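In this text the structure is predicted, and so the values were computed from the model without any measurement. Worth knowing before you read on, the calculation uses all heavy atoms, side chains too, and leaves out hydrogens, waters and symmetry mates.
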Amino acid sequence: MGKVIEVKDVKTIFDNRVVHDGLNLSVNDGEIYGLLGPSGCGKTTLLREMVMLQKYNSGSIEVLGYKLSDIKDSEAAQLRREWGVLFQSGALFSSLSLKENIALPLVEYTDLSKEMIKEIVEFKINIVGLNSSDANLYPSQISGGMKKKAALARSLSMDPKLLLLDEPTSGLDPISAREFDALILKLRELLGLTIVMVSHDLQSIYDTLDSVAIIDDKKIIYEGSLDNISTLDNEFIRTFFRGAK
């Protein structure tokens, strides 16, 4: 099984404050991998570094075979087409309808015909569990769960190999959150995705993740499956997983 992401000895410093002090982890092809840890430990920062939205100070991050530290502009443009990112808020453009939001990457980055883009958008709307009639609605007209699905459809518009999700179930009611988890599992099977997810939703973590990396005190304190996690002697792990299955 090949490595989709490799993080080696990554250090991140903001205004003399050390956020990451030598992170090491690897994400395998086809797995759903979780980044966990206490608030402020740098989970979202690491996710942003993986998608070149933020710089790290030293170490290396390799994504889909590209080393991010010395990547050429043309390679960076190619790599951005090979991943999809779902931000915590959804980050939909309020002035665009759902179908226009989902079509945006295709309009910006491809030479596909309007007809072909329309077909792809219809397929993506359908695959995330939205109705065709939702396509003409605007973000202000839909629920939080529908916004997440629309944002997910947009992140899938370019047929990425890798999907990165930042707190995908935050702000959702329990039923919508479990629906979203089931959708993530379905899409992994259907599209052969590798998924990296920042989460603090315990139910989601147990229902979807194959492997986790736990960041605490600027380091990865655990990487692996959830099977034996409750036996680890760490305050965050004891508190977070208390009463878990």
Side-chain angles (χ1 to χ4, degrees), residues 3-27 32-94 96 101-110 139 147-148 150-171 184 193-200 212-215 218-220:
K3 299 273 189 286
V4 172
I5 298 175
E6 283 207 82
V7 174
K8 290 181 182 170
D9 201 31
V10 162
K11 296 191 177 182
T12 308
I13 302 167
F14 293 152
D15 299 328
N16 298 323
R17 184 174 71 89
V18 177
V19 179
H20 303 141
D21 189 12
L23 299 191
N24 293 280
L25 62 85
S26 57
V27 179
I32 302 181
Y33 188 101
L35 298 175
L36 316 183
S39 183
C41 72
K43 303 182 293 292
T44 296
T45 297
L46 180 58
L47 200 72
R48 288 172 62 83
E49 289 169 347
M50 288 174 176
V51 295
M52 299 187 291
L53 287 175
Q54 208 156 295
K55 291 196 182 312
Y56 46 96
N57 294 73
S58 63
S60 71
I61 298 179
E62 192 170 314
V63 180
L64 294 166
Y66 294 95
K67 276 203 163 70
L68 301 190
S69 49
D70 50 11
I71 194 167
K72 300 186 182 91
D73 288 348
S74 58
E75 293 173 335
Q78 176 57 38
L79 186 52
R80 286 188 182 99
R81 298 176 187 204
E82 294 183 26
W83 64 45
V85 184
L86 175 60
F87 297 101
Q88 189 172 340
S89 62
L92 295 170
F93 291 99
S94 56
L96 300 180
N101 264 287
I102 297 163
L104 196 61
L106 297 163
V107 172
E108 290 287 320
Y109 297 115
T110 75
K147 280 181 189 165
K148 294 268 188 184
L152 182 62
R154 184 178 63 186
S155 72
L156 294 170
S157 62
M158 301 279 286
D159 293 330
K161 301 170 185 170
L162 172 64
L163 191 58
L164 300 110
L165 313 174
D166 189 11
E167 300 281 9
T169 58
S170 74
I184 293 297
L193 294 166
T194 301
I195 299 170
V196 178
M197 182 192 311
V198 169
S199 182
H200 64 257
V212 298
I214 297 178
I215 307 173
K218 311 178 188 68
K219 302 267 191 188
I220 303 284

Trainee: Is the side chain of K43 donor-acceptor paired with the backbone N or O of P38 at a distance under 3.5 Å, no angle test?
Mentor: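 Yes; at least one donor-acceptor contact below 3.5 Å.
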Trainee: Who pairs with E167 by salt bridge (Lys or Arg N to Asp or Glu O under 4.0 Å), at least two apart in sequence or on another chain?
Mentor: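 Salt bridge (Lys or Arg N to Asp or Glu O under 4.0 Å) check on E167 returns nothing, list empty.
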Trainee: Nearest heavy-atom pair of I71 and L68: which atoms, and what distance?
Mentor: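 Where I71 meets L68 most closely, the heavy atoms are CG2-O, 3.4 Å.
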Trainee: In Å, rounded to the nearest 0.5 Å, how long is the span from CG of D9 to CG of D21?
Mentor: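 Going from the CG atom of D9 to the CG atom of D21 covers 8.0 Å.
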Trainee: Minimum heavy-atom separation for L36 to S199, with atom names?
Mentor: CD2-O, 3.4 Å
Trainee: Quick one: NZ on K67 to NZ on K8, what's the gap to the nearest 0.5 Å?
Mentor: 6.0 Å
Trainee: So, the side chain of R154 versus the backbone of A91: is there a donor-acceptor pair under 3.5 Å, distance only?
Mentor: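 Yes, R154 side chain to A91 backbone: donor-acceptor pair under 3.5 Å.
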Trainee: Check step by step if side chain to side chain contact (heavy atoms under 4.5 Å, CB included) holds for I5 and Y33.
Mentor: CA-CA 10 Å; I5 298 175; Y33 188 101; over 6 Å; no
Trainee: Please report the shortest heavy-atom distance between I184 and M197, naming the atom on each side.
Mentor: CG2-CE, 4.4 Å
Trainee: Should we say atom CZ of F14 is surrounded by more than 12 heavy atoms from elsewhere, each under 6.0 Å from it?
Mentor: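 Yes, because the 6.0 Å sphere around CZ of F14 holds more than 12 heavy atoms from other groups.
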Trainee: Which atom pair, heavy atoms only, marks the closest approach of T194 to V4?
Mentor: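 Answer, listing the atom of T194 first, then V4: OG1-CG2, 3.7 Å.
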Trainee: Working to the nearest 0.5 Å, report the span between NZ of K218 and NE2 of H20.
Mentor: 11.0 Å
Trainee: Report the distance from atom CG of D159 to atom CD of E82, rounding to the nearest 0.5 Å.
Mentor: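 Interatomic distance, D159 CG to E82 CD, rounded to 0.5 Å: 11.5 Å.
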Trainee: Which heavy-atom pair separates V85 from S155 by the least distance, and what is that distance?
Mentor: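 It is O-CB, 3.6 Å.
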Trainee: Testing Q78, K3, K161 one by one against L64 for a side chain to side chain contact (heavy atoms under 4.5 Å, CB included), which residue passes?
Mentor: K161
Trainee: Got a list of side-chain donor-acceptor pairs under 3.5 Å for residues 50-61, not counting sequence neighbours?
Mentor:
{"residue": "Q54", "atom": "OE1", "partner": "R48", "partner atom": "NE", "Å": "2.7"}
{"residue": "Y56", "atom": "OH", "partner": "I61", "partner atom": "N", "Å": "3.3"}
{"residue": "N57", "atom": "OD1", "partner": "I13", "partner atom": "N", "Å": "2.8"}

Trainee: How far apart are the C-alpha atoms of L163 and L156, what are their side-chain angles, what is the distance that settles it, and do they pass the side chain to side chain contact (heavy atoms under 4.5 Å, CB included) test?
Mentor: CA-CA 8 Å; L163 191 58; L156 294 170; 4.2 Å; yes
Trainee: From the options V19, T12, V198, L25, select the one residue that forms a side chain to side chain contact (heavy atoms under 4.5 Å, CB included) with L46.
Mentor: L25
Trainee: What's the shortest heavy-atom distance between S157 and I102, and which atoms?
Mentor: CB-O, 3.4 Å
